[in-house]
Protein chains: 2
Amino acid sequence: MKIIKTEKIFGGKFLNVFRKNLIIKNEKMGIWEYVEYNNPPRRAVIMFALTKNREVVLEKIFRAPREDYTIELPAGSAHTEEETEAEAAKRELLEETGFLAKKITPILSVVSLPGLINLELVYFFAPDVELVGQQECDDEEEIEVIKVPLDNLVDFVIEQSKTAKVENDILSVLPILRKKKLI
Amino acid sequence: MKIIKTEKIFGGKFLNVFRKNLIIKNEKMGIWEYVEYNNPPRRAVIMFALTKNREVVLEKIFRAPREDYTIELPAGSAHTEEETEAEAAKRELLEETGFLAKKITPILSVVSLPGLINLELVYFFAPDVELVGQQECDDEEEIEVIKVPLDNLVDFVIEQSKTAKVENDILSVLPILRKKKLI
């Protein structure tokens, strides 16, 4: 496959749509449409945090596209060029949940829906987080913090998934944390 | 949060962008932009298939947005109203990899990037899949099949994630398959 041209075909306040012209099989021409955020550009940070009581800190967050709540790991992105991704993960956790992470370990860098968006997701793990403050969410964020005992996390996701209201990555770091003996 | 209005603000060949006008905190107005595919509309199917030798069937697939390859589970969507999602998962596995699934179990229904797109992902598990044919991919799909021993899957994802070329859901069904004693 060979990319001939990339054009921006829509510019929104937050989202842009691009189209790539490609040469696909048998020398045929094809096109591929995808999106990019204005900000954050291409990397997001996601936090898997455990309290001292071994509870996972999750968020029930209103998502306008679905007009419904979904359950997700705390996430966001670096706000300045100086902020490291670990610092951003720590700040987002604190802002969105009130929990303070002292020790942070990078776990995994992956992609999600890579046919739709050029976005890398960087996962961090924080043990022993402590509730130190109030949420200070952005105006567009409507978040309720949910703590789920680590030992019940799989059952919790199975139960929530019956109504498809849980994000698919809540369980994806578990096998890695176990493999690395971090939990 | 209250949604006042939903408008389509861009229509592409494959992707549409919508904008919702919202009332957010303190009666302030906000907007949220998101995308929907024309087809499939709002549900995708994803297959976690194991060969008789307990190898996971993965795909190395060229993704135009990244101009690079990523490693993913076989996926797609129902092509007709008559096709069930289990049938679609079976067909996509066969077309994209040449492996035939005889027994299929639904595992999980979740969302991915729910702030960006209204899309549900339905995961299936198929044990003992057998290679019966050649790939018959769509013209836009450039796929290499990779088989990874189940026991090495976590290490494989850790290794691949160093270059962020792996999708975040490859490990997410593992804890559920273990919990349900399916693997």
Side-chain angles (χ1 to χ4, degrees), chain A residues 1 3 9-10 12-15 17-20 22 24-26 28 30-36 62-67 70 72 108-121 139-140 142 153-155 157-158 161-162 164-176 179, chain B residues 1 3 9-10 12-15 17-20 22 24-26 28 30-36 62-67 70 72 108-121 139-140 142 153-155 157-158 161-162 164-176 179:
Chain A
M1 200 170 304
I3 291 163
I9 54 174
F10 171 77
K13 188 173 176 193
F14 305 110
L15 279 183
V17 181
F18 293 85
R19 177 173 54 209
K20 284 187 193 285
L22 319 160
I24 53 177
K25 280 176 204 161
N26 309 317
K28 282 202 285 186
I31 68 165
W32 199 278
E33 294 171 353
Y34 64 99
V35 299
E36 285 189 6
F62 182 80
R63 290 303 193 179
R66 298 176 56 76
E67 299 195 11
T70 60
E72 307 174 24
L108 192 64
S109 292
V110 293
V111 295
S112 184
L113 302 181
L116 173 64
I117 187 166
N118 184 359
L119 179 69
E120 293 186 12
L121 307 177
D139 283 345
E140 292 78 13
E142 198 168 287
L153 187 65
V154 179
D155 286 330
V157 169
I158 291 172
S161 77
K162 289 175 184 166
K165 288 183 176 167
V166 63
E167 192 161 8
N168 66 347
D169 61 359
I170 292 179
L171 294 182
S172 61
V173 293
L174 263 192
I176 292 177
K179 186 89 187 181
Chain B
M1 200 169 301
I3 291 163
I9 54 174
F10 171 77
K13 188 173 176 195
F14 304 110
L15 280 182
V17 181
F18 294 85
R19 178 172 56 210
K20 285 187 193 286
L22 319 160
I24 53 177
K25 280 176 203 159
N26 309 317
K28 282 202 284 186
I31 68 165
W32 199 278
E33 294 171 354
Y34 65 99
V35 298
E36 284 190 6
F62 183 80
R63 290 303 194 178
R66 298 177 56 75
E67 299 195 11
T70 60
E72 309 174 24
L108 191 65
S109 292
V110 293
V111 295
S112 184
L113 303 181
L116 173 64
I117 187 165
N118 184 359
L119 179 69
E120 293 187 10
L121 306 177
D139 283 345
E140 292 78 13
E142 197 169 288
L153 187 65
V154 179
D155 286 330
V157 169
I158 291 172
S161 77
K162 289 175 186 167
K165 288 186 177 168
V166 63
E167 193 160 9
N168 66 346
D169 61 0
I170 291 179
L171 294 181
S172 60
V173 294
L174 263 192
I176 291 178
K179 186 88 186 182

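Letters A, B, ... are given to chains in the order of the sequence lines, protein chains preceding strands, and every chain is numbered from 1. The figures that follow rest on heavy atoms only: side chains count, while hydrogens, waters and symmetry mates do not.
- No part of A/V173 comes within reach of chain B, as not one of its non-hydrogen atoms sits under 4.5 angstrom from that chain.
- Looking at A/S112, both its backbone and its side chain come within 4.5 Å of chain B, counting heavy atoms on both sides.
- Heavy-atom minimum distance, A/V110 versus B/V166: CB-O, 3.2 Å.
- Between B/I117 and A/P65 the shortest heavy-atom distance is C-CB, 4.3 Å.
- In terms of heavy-atom proximity, A/P175 sits nearest to B/L171 at CG-O, 3.8 Å.
- When all heavy atoms are compared, the tightest approach of A/E33 to B/F14 is OE1-N, 2.8 Å.
- Highest contact tally toward chain B, considering only A/K165, A/R19, A/R66, is held by A/R66 [criterion: heavy-atom pairs under 4.5 Å].
- Proximity to chain A is limited to the side chain of B/I3, based on heavy atoms less than 4.5 angstrom apart.
- For a residue to count as touching a neighbouring chain, one of its non-hydrogen atoms must lie under 4.5 Å from one of that chain's; by this rule A/K13 touches chain B with backbone and side chain alike.
- Among A/D169, A/D155, A/L113, the residue with the largest count of heavy-atom pairs under 4.5 Å with chain B is A/L113.
- Contact of B/I170 with chain A is not made at all, since no heavy-atom distance falls under 4.5 Å.
- The distance from the CG atom of A/L108 to the NZ atom of B/K162 is 11.5 Å, given to the nearest 0.5 Å.
- With a 4.5 angstrom heavy-atom cutoff, A/L15 touches chain B via backbone and side-chain atoms both.
- Contacts between B/L153 and chain A at a heavy-atom distance below 4.5 Å are absent for every atom of the residue.
- Proximity to chain A (any heavy atom under 4.5 Å) is restricted, for B/L174, to the side chain, taken from C-beta onward.
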Yes or no on side-chain contact (heavy atoms from CB on, under 4.5 Å) for A/L116 and B/L116, after CA distance, side-chain angles and deciding distance?
-> CA-CA 10 Å; A/L116 173 64; B/L116 173 64; 3.8 Å; yes
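- Put simply, CD on A/E142 and CD1 on B/I24 are 10.0 Å apart, with the number rounded to the nearest 0.5 Å.
- Residue B/P114 comes nearest to A/E72 through the heavy atom pair CG-OE2, 3.2 Å, listed as atom of the first residue, atom of the second, then distance.
- Only the side chain of B/V17 has a heavy atom closer than 4.5 Å to any heavy atom of chain A.
- Residues A/I158 and B/K179 share a closest heavy-atom pair of CD1-CG, 4.5 Å.
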